[in-house]
Every structure is written in C-alpha cells, then in structure tokens.
Q: 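Handing you this structure, nothing more for now.
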Amino acid sequence: MRRKVFGRISVLAKDRVTEIVQAALTSARDQGLLSFEGVPEITIEVPRSKEHGDFSCNVAMALAREAGLPPRSIAEHVVKNIAEDGIIERTEIAGAGFINFYLKPGWLHDIVRDIDEQGAEYGRSDAGKDLRVLLEFVSANPNGPITVASARGGVIGDTLARLYELTGAAVAREYYINDAANSTQMINFGKSVVVRYLQELGKDVEMPEDGYQGDYVTQIAREIAEKDGDKWVAADEEQRLTEFTRRSEAAMIDQQREDLEEFGITFDRWFSERSLHDSGKVKETVDLLTERGYTYEQEGAVWLRSSAFGDDKDRALVRSNGQPTYIAADAAYHADKFRRGWNKLINIWGADHHGYVPRTKAAIAALGYPAEELDVIIYQTVRLFSGGELVMMSKRAGDVISLSELMREVGRDAARYFLLMRSYDSPLDFDLELAKSESEENPIYYVQYAHARIAAILRKAQEEGWSVPAAGDAHLELITEEAETDLIKKLGSWPEEVATAAFQHEPHRLAPFAIDLARLFHKFYTDCRVLGEDRLLSEARLTLVKATRTVLANLLNTMGVSAPERM
RNA sequence: GCGCCUGUAGCUCAGUGGAUUAGAGCAUCUGACUUCGGAUCAGAGGGUCGGGGGUUCGAGUCCCUCCAGGCGCGCCA
C-alpha cells in the first residue's frame with residue numbers, strides 16, 4: 001500500500017481504516033441495506049479514551065438523517081460489511097452509534113520502525129509542498145530593544161515557520177522595519193538621543209516628558225559622543241536630528257537582530273519600509289489603486305475606498321501635506337510579497353493592531369490580489385509576574401523588560417517554551433519564578449528531563465555493552481505493556497500533530513504534546529525495566545527508548561528548545 | 001456606541017473543528033525505589049464549561065442575547 005504522505009504511519013493506519021469503512025458503506029448500499037447519495041465524508045478519529053479503541057468513526061450518526069435509520073442499525077450494517085483485513089483486530093458499536101476499531105499490534109511496530117528509519121526526518125511530510133509561505137513577524141519599531149511582548153510574536157512566528165518547513169512548504173521569515181522618516185515616534189526617539197548626547201557633553205538640557213527614558217537611549221548617545229565628540233553640539237538642529245534618528249535606528253536594529261538571533265530566530269529578510277518610499281513603490285501603489293478606481297480626493301487627501309471591501313470606513317492613503325500614510329506603504333509591501341511569488345501570507349501582530357486587519361485586506365483586494373491568502377494572527381498581551389506581583393511595563397518610561405533581560409533571567413529554553421505554550425488568543429501571564437525554577441512544577445524541565453533521562457539510559461546501555469538493534473531486527477512483539485503501547489501511539493501521532501499545528505496555525509499545541517509525551521515516557525520508565533534479565537525484551541525496549549528520544553528531540557527542536565543529554 | 005479577543009476544577013490553561021464518561025499541570029491529601037537519573041510514578045478529592053434562550057438525535061464547541069475583563073476604533077505607526 002502506497003503512503004499518501006511520507007512518514008505518517010499513524011495516518012496511514014487511519015487512511016486504511018477510512019478506506020475500509022468506505023468500502024463497507026458501499027457494499028451495504030449495493031445490498032440495499034442503506035440508501036444515501038454519493039460517498040459521505042468519513043472522519044476517523046483517535047478517541048479521547050482508549051477504551052473506545054485505537055480509532056473510532058461517527059459516520060453512522062452523520063448518515064442517520066439521510067439514510068432514515070437509527071445510527072446504531074446503520075453501524076451494524078457497516079460492521080457486518082467490513083471485509084477481512086490484516087490490520088483490524090476487532091470492531092464494536094458503542095454509544096449513540098460509534099464504530100470503534102481495535103487494531104492488531106503490528107501497526108505499533110510499524111510506527112517504531114518508521115521512526116527508526118527516518119530519525120531526525122520523522123515528522124516531515126510533503127503535505128504542504130505546494131505552499132509558498134511568507135511569515136512576517138516581530139516587526140517592532142526600531143526605537144527600543146525587543147520586548148517580551150514582541151518576543152511572543154517572535155516565538156509564534158518562528159515556530160509556525162518551523163512547522164511549515166516540516167510540511168515541505170517553501171518558507172521565508174520577514175521582519176518589516178518601521179523606519180519611515182516621517183514617523184512621529186521615531187522623531188521623538190531621535191530627539192531623546194539628542195538630549196542624552198548633549199547631557200553627555202555636559203550641556204544643561206532636560207529630557208521632555210514624552211521622551212524615551214531607557215538606558216539604551218543613553219547608551220546610543222554615549223557611543224555617538226565617543227565617536228564624534230562635540231561636533232553635533234552646535235550643528236544645525238534639523239540636520240542633527242535627522243542624523244541622530246538615522247544612527248539610533250540603525251543601532252536599535254542591530255541590537256534587535258542580535259537579541260533575536262540569541263533567541264534562535266533569524267530572518268531571511270529585514271524589509272525596510274523606507275525602501276518602499278525611496279524606490280517609488282509606495283507612489284506606484286497609490287497610482288495603481290487610483291487607476292483601478294478605488295481612491296478619491298477629499299479635503300486635500302487621497303482616500304482608499306476600503307469600505308467597499310468590508311472595512312468600517314475609508315482610509316487616508318496620502319495626507320493633505322503630500323506625505324503617504326502607513327497604510328500606503330503597507331499596501332505596497334503586501335503587493336510586493338505577492339509579486340515575489342508567495343501564495344500564503346501570514347502576519348503575526350499584537351492585539352493592539354487588530355483593528356488594522358480589515359484595511360490591510362481591503363488594500364490587498366483593491367490591488368487585485370487574493371486577500372483570503374493573508375492570514376493575520378493576533379496574539380494577546382503578555383504580563384510578567386515576579387513573586388506573584390505584576391511587573392509593570394512602559395516602553396517610553398524605560399522600565400520594560402527586554403527579551404535579552406528575560407533570557408538572562410530564565411534562559412532561552414524556558415523563555416521560548418513559556419511564550420509559546422498558550423493559545424495566542426489568550427492573554428499570557430509569564431511567571432518568572434516558575435520559569436527559572438528547577439523542579440517538576442516547571443514544564444520545560446519536566447520535558448527536558450525526560451530527554452536527559454533517555455540519554456542516561458542509552459549511555460548506560462553503551463557502557464554495559466548492550467546493543468540497540470535496528471527496529472526491523474528488534475523483537476517488538478515482546479512490547480506488550482500498556483505503558484509501552486500508549487507511548488508508541490503517542491510517538492505515532494507526531495507527524496499528524498505537525499501537520500495539524502502547521503495548517504491550523506496552532507504552534508502552541510506543541511507544548512501540551514511535549515508534556516504528554518514526557519509523561520508517557522516517565523510512566524513507561526517506572527513500569528518497565530529497560531536493561532533487565534530478558535535480553536530480547538531489553539533490546540526491544542532499547543529500540544523503543546531510542547525512538548522516543550528521536551521524537552522528543554524532533555519536537556523540542558521544532559519548538560526551538562534544546563534537548564539536553566545531561567541536566 | 002461599534003469591532004476583535006477572552007470567560008472551563010482552588011490557580012494557570014487544553015479541549016482533535018458537534019459526538020462514547022468534559023481533560024492536563026500546579027496546589028491539597030495519601031502512597032511507591034536494596035536495580036537503568038525520585039528533577040520520577042500511582043491514587044484521591046475538587047466542575048450549574050460566565051448567565052439565559054435557540055438550532056440539533058446530540059452543544060464547552062454553532063446562532064442570538066445579556067454580564068464581566070482585555071485590546072482597538074487618527075490625514076499616528
């Protein structure tokens with residue numbers, strides 16, 4: 001039987017069950033036992049409780065109305081028509097009309113062999129091979145270090161990118177730099193650096209109330225002072241501001257890039273907003289929108305008729321002073337993404353930008369691109385807690401906790417894991433004490449401990465001269481304990497988990513999956529002695545232990561978290 | 001006022017796209033190693049899934065409404 005997707009044994013088993021049900025339905029219809037049009041969509045699922053079999057099917061309920069029969073009698077017709085098959089051990093009808101399937105143990109052995117053969121590739125598929133996915137995330141203003149909030153977007157985006165890569169999609173990560181010269185925030189930032197610079201040189205100037213107070217502002221000013229001395233003290237104010245803003249921005253971008261790299265996130269491209277203005281692409285985009293009939297002038301400004309595409313109201317594209325707005329540049333940016341051949345755009349924005357989604361989609365649609373191919377993930381706020389106390393944060397006041405401080409405090413692994421583990425539409429409370437605690441309360445330690453424990457077993461096995469047979473040679477039929485089969489089933493669900501997390505855009509699912517897998521391993525470890533009296537059993541278990549390490553390592557790697565050999 | 005998000009065990013949160021008996025971690029209590037890492041495992045208690053309607057054979061899940069909280073609603077970005 002042909003594999004539909006490379007490396008998805010559990011899915012293979014599921015596909016096989018699907019085909020069997022399909023054939024049984026057709027057969028029952030041919031005998032006149034059931035009547036329905038076409039072939040219904042059959043969903044085979046892994047039941048919540050294993051008392052309901054390895055797989056279950058609700059098609060009897062789904063078909064009840066059309067067939068005009070009670071679900072249980074439909075289920076009976078289906079079960080009676082299930083042909084003899086090498087994979088199914090037995091079936092049962094349960095509940096309202098569920099058909100539960102119990103598979104022969106061989107399907108579990110296939111999972112272990114598959115993992116053994118594929119190693120680090122296990123979990124990879126070609127399910128997304130036709131996709132060209134461009135993820136845009138973080139995109140923080142270059143007026144400060146990466147904050148904890150931006151880091152959440154970073155982890156979500158980077159992990160989703162890794163997941164898409166595992167589905168065989170072409171993937172790129174982009175950071176959109178909000179470096180437009182006319183940004184009031186950036187000018188304000190530049191002014192703050194000027195003030196610190198003058199103060200460095202002993203001038204008596206005061207930081208305005210709305211200035212940026214952070215230490216990094218002083219740091220940049222000090223660097224300029226060291227390099228250029230007092231050459232800017234008496235300079236033309238406007239020229240000085242422009243120069244300082246530009247240099248400060250460049251310094252911030254460098255720092256952001258370094259922080260993100262240390263966090264395990266690298267971008268394929270840092271896309272400058274200013275470059276869109278300088279190259280004339282913003283103007284071209286506005287002109288194109290006008291040609292297409294979606295703009296009008298009012299009170300000296302040019303407006304996009306975004307309300308024609310579902311936005312609440314129309315949006316200004318060009319101010320009455322001739323300056324294009326942010327949306328004009330963003331429209332040009334998104335048009336550029338499509339022109340470069342990406343067919344799936346994913347933007348990851350903070351909750352404070354959610355109002356921006358309809359106008360961005362409107363601009364894309366007005367330009368003639370498929371707005372439905374843009375998916376904007378809005379993540380909710382991050383709150384830091386320390387000792388049960390909320391840590392207040394304000395960027396301008398300079399008391400934000402930056403990503404680099406967070407990593408110093410709790411480490412990269414805990415930071416990534418904690419920022420990933422909640423669904424992005426839930427607010428995230430980050431407990432600093434928990435993240436750095438080395439105990440079972442800390443989920444990241446729990447998971448990494450499982451990996452280290454496996455490494456310890458394999459080390460010991462090697463020291464004692466045990467051989468770990470290839471899965472094809474191991475006596476996997478000796479693996480019969482419940483803790484063992486539960487573990488294997490979880491291992492087998494990894495490829496499907498990857499595809500689901502990728503295509504549903506739910507990278508946070510990896511966190512509970514990791515906990516589950518670690519728990520199942522710890523349970524197995526407690527119940528089943530690996531290096532024991534029975535050599536064949538021990539070898540079979542070593543093979544299983546190794547397979548578990550493979551999946552755990554692949555999983556941790558997908559989360560951007562290290563898989564330690566020792567802790 | 002309008003829009004988006006959230007409301008599930010004492011706490012923090014999952015919930016496989018409507019389905020068999022609502023789950024996990026932590027916290028609390030009770031247990032488990034003379035052998036592979038106890039940074040572990042097992043068991044127990046704990047729920048009107050924010051309230052109320054509706055659709056359905058079946059709703060934590062879909063629709064309506066109300067309540068509470070967060071975030072937005074600019075010729076800022």
Side-chain angles (χ1 to χ4, degrees), chain A residues 43 45-49 51-53 56 58 61-62 64-65 70-71 93-98 100 139 141 143 178 180 182-186 273 298-303 312-313 315-327 329-330 350-358 378-381 383 421-429 431 434 437-443 445-446 448-450 452-461 464 466 483 493 496-497 500 504 506 508-509 511-512 515-516 518-519 521-532 538 541-542 545 566-567:
Chain A
T43 54
E45 54 184 24
V46 178
R48 267 199 294 269
S49 160
E51 288 159 35
H52 300 130
S56 75
N58 69 347
M61 276 100 87
R65 182 193 291 272
I93 298 168
F98 286 92
N100 296 337
S139 302
N141 287 331
N143 57 8
N178 300 124
N182 56 354
S183 151
T184 51
Q185 283 179 42
M186 287 312 297
E273 178 187 353
Q298 193 175 57
E299 295 168 15
V302 180
W303 294 76
D312 291 343
K313 45 183 142 178
R315 307 291 170 176
L317 283 171
V318 183
R319 301 182 182 92
S320 49
N321 68 6
Q323 293 266 8
T325 62
Y326 181 82
I327 173 112
D330 216 28
D352 54 344
H353 285 69
H354 72 79
Y356 207 76
V357 176
I378 300 296
Y379 63 90
Q380 299 298 315
T381 47
R383 297 191 302 174
M421 70 180 174
R422 300 291 174 234
S423 162
Y424 42 73
D425 43 38
S426 290
L428 188 149
D429 287 347
D431 184 334
L434 178 60
S437 81
E438 302 191 2
S439 75
E440 61 179 326
E441 301 162 34
N442 186 345
Y445 272 85
Y446 181 84
Q448 289 182 316
Y449 177 66
R453 197 177 215 186
I454 289 170
I457 295 170
L458 294 174
R459 269 197 307 273
K460 185 175 173 69
E464 294 183 357
W466 290 88
S493 69
E496 189 176 10
E497 181 69 16
T500 305
Q504 305 291 331
E506 293 173 345
H508 69 276
R509 296 167 58 101
I515 297 283
D516 280 350
R519 186 177 51 245
F521 175 75
H522 288 311
K523 169 73 171 153
F524 157 78
Y525 177 87
T526 303
D527 288 3
C528 302
R529 173 84 198 174
V530 177
L531 304 176
S538 293
R541 283 181 173 162
L542 278 169
V545 167
R566 295 171 202 273
M567 291 171 71

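Just so we're on the same page: letters track the sequence lines, and every chain starts at 1. These numbers were taken from a predicted model, which means no experiment stands behind them.
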Q: Any idea which of rG70(B), rA42(B), rG37(B) is nearest the R566(A) side chain?
A: rG37(B)
Q: Could you check which of rA77(B), rG37(B), rC36(B) has an atom nearest any side-chain atom of L531(A)?
A: rC36(B)
Q: Please work out if M421(A) contacts a base, only the sugar-phosphate, or nothing of the nucleic acid, heavy-atom cut-off 4.0 Å.
A: nothing
Q: Checking contacts here: which listed nucleotide (rG37(B), rC41(B), rU6(B)) is nearest the side-chain heavy atoms of D425(A)?
A: rU6(B)
Q: Output yes when at least one side-chain N/O atom of R519(A) is less than 4.0 Å from OP1 or OP2 of rG25(B), else no.
A: yes
Q: When all nucleic acid strands are considered with a 4.0 Å heavy-atom cut-off, which category describes H508(A): base, sugar-phosphate, or nothing?
A: sugar-phosphate
Q: Please determine, for rA22(B), whether a Watson-Crick or G-U wobble partner exists with both distances under 3.5 Å, and give it or none.
A: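 rA22(B) is unpaired by these criteria.
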Q: Ignoring hydrogens and angles, tell me if any N or O in the side chain of S56(A) forms a donor-acceptor pair with the backbone of P47(A) under 3.5 Å.
A: no
Q: How would you label the contact of Q504(A) with the nucleic acid (heavy atoms, under 4.0 Å): base, sugar-phosphate, or nothing?
A: base
Q: Using the C1' atom in both, what is the distance from rG52(B) to rG60(B), to the nearest Å?
A: 16 Å
Q: Give N100(A) one of three labels, base, sugar-phosphate or nothing, depending on what nucleic acid heavy atoms sit under 4.0 Å from its own.
A: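 Touches a base.
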Q: Spell out yes or no: do the side chain of S320(A) and the base of rC75(B) have one donor N/O and one acceptor N/O closer than 3.5 Å?
A: yes
Q: Across all strands, who's sitting opposite rA44(B) as a Watson-Crick or G-U wobble pair, both distances under 3.5 Å?
A: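 rU28(B) is the nucleotide pairing with rA44(B).
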Q: Closer than 4.0 Å, any side-chain N/O of Y424(A) to the OP1 or OP2 of rA14(B)?
A: no
Q: Go ahead and name the base partner of rU55(B); Watson-Crick or wobble counts if both distances stay under 3.5 Å, otherwise write none.
A: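 Across any shown strand, rU55(B) pairs with none.
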Q: Hey, does I378(A) have a side-chain heavy atom less than 4.5 Å from the side chain of D425(A)?
A: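 No, too far: nothing below the 4.5 Å cut-off.
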Q: At under 4.0 Å, does any side-chain N or O of R319(A) touch on OP1 or OP2 of rG74(B)?
A: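 False: R319(A) side-chain N/O out of range (4.0 Å or more) of rG74(B) OP1/OP2.
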Q: Provide the distance between the two P atoms, one in rU16(B) and one in rU61(B), to the nearest whole Å.
A: 12 Å
Q: More 5' along RNA chain B: N321(A) or A351(A), using each one's nearest nucleotide?
A: A351(A)
Q: Under 4.5 Å between any side-chain heavy atoms of Q380(A) and R422(A), yes or no?
A: no
Q: Could you check which nucleotide pairs with rG17(B) in any of the strands shown, counting Watson-Crick or G-U wobble with both distances under 3.5 Å?
A: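 WC or wobble partner does not exist here.
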Q: At under 4.0 Å between heavy atoms, what does E299(A) touch on the DNA or RNA strands: base, sugar-phosphate, or nothing?
A: base
Q: Give one of base, sugar-phosphate or nothing for A450(A), where a contact means two heavy atoms less than 4.0 Å apart.
A: nothing
Q: For S423(A), which contact category applies under a 4.0 Å heavy-atom criterion: base, sugar-phosphate, or nothing?
A: sugar-phosphate
Q: Decide if the gap between the ring center of Y446(A) and the ring center of Y449(A) is smaller than 6.0 angstrom.
A: no
Q: Mind checking who rC2(B) pairs with, Watson-Crick or G-U wobble, both distances under 3.5 Å?
A: rG72(B)
Q: Which whole number of Å gives the distance between the P atom of rG53(B) and that of rA14(B)?
A: 28 Å
Q: Rounding to the closest angstrom, what is the interatomic distance between rG10(B) and rU6(B) at atom P?
A: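 It works out to 22 Å between them.
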Q: For a quick check of understanding: with a heavy-atom distance under 4.0 Å over all strands, which category does R315(A) fall into, base, sugar-phosphate or nothing?
A: nothing
Q: For T381(A) and D352(A): C-alpha separation, side-chain torsions, deciding distance, then whether side chain to side chain contact (heavy atoms under 4.5 Å, CB included) applies.
A: CA-CA 9 Å; T381(A) 47; D352(A) 54 344; over 6 Å; no
Q: Looking only at atom C1', what distance separates rA9(B) and rG47(B), rounded to whole Å?
A: 6 Å
Q: For P47(A) and D516(A), take the nucleotide of RNA chain B holding the closest heavy atom to each; which residue's nucleotide lies nearer the 5' end?
A: P47(A)
Q: Is there a side-chain polar atom (N or O) of S426(A) under 4.0 Å from OP1 or OP2 of rU12(B)?
A: no
Q: Using the C1' atoms only, state how far rU30(B) lies from rG18(B), rounded to an integer number of Å.
A: 39 Å
Q: Between the base of rU35(B) and the side chain of R529(A), is there a donor-acceptor distance below 3.5 Å?
A: yes
Q: Have a look at N58(A) and say if it touches a base, only the backbone sugar-phosphate, or nothing, with a 4.0 Å heavy-atom cut-off.
A: base
Q: Could you tell me how far rC71(B) sits from rA77(B) if I compare only their P atoms? Round to whole Å.
A: 22 Å
Q: The side chain of Y449(A) lies closest to which of these nucleotides: rG17(B), rA14(B), rU40(B)?
A: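 Ranking rG17(B), rA14(B), rU40(B) by closest atom to the Y449(A) side chain puts rU40(B) first.
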Q: With centres under 5.5 Å and planes under 30° as the test, does H52(A) stack with rU20(B)?
A: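 Yes.
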Q: Does the rC5(B) base have a donor-acceptor partner in the side chain of H354(A) within less than 3.5 Å?
A: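 Looking at the base of rC5(B), it does not pair with any donor or acceptor on the side chain of H354(A) (distance under 3.5 Å).
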Q: For rG74(B), does either OP1 or OP2 sit under 4.0 Å from a side-chain N or O belonging to K313(A)?
A: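 Yes, within the criterion.
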Q: Can you tell me how far P in rU65(B) sits from the matching atom in rC26(B), rounded to whole Å?
A: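 Comparing P positions in rU65(B) and rC26(B) gives a spacing of 41 Å.
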Q: So V545(A) and Y525(A), do their side chains get closer than 4.5 Å, heavy atoms only?
A: no
Q: Determine, stepwise, if the pair V530(A) / F524(A) fulfils side chain to side chain contact (heavy atoms under 4.5 Å, CB included).
A: CA-CA 9 Å; V530(A) 177; F524(A) 157 78; 4.0 Å; yes
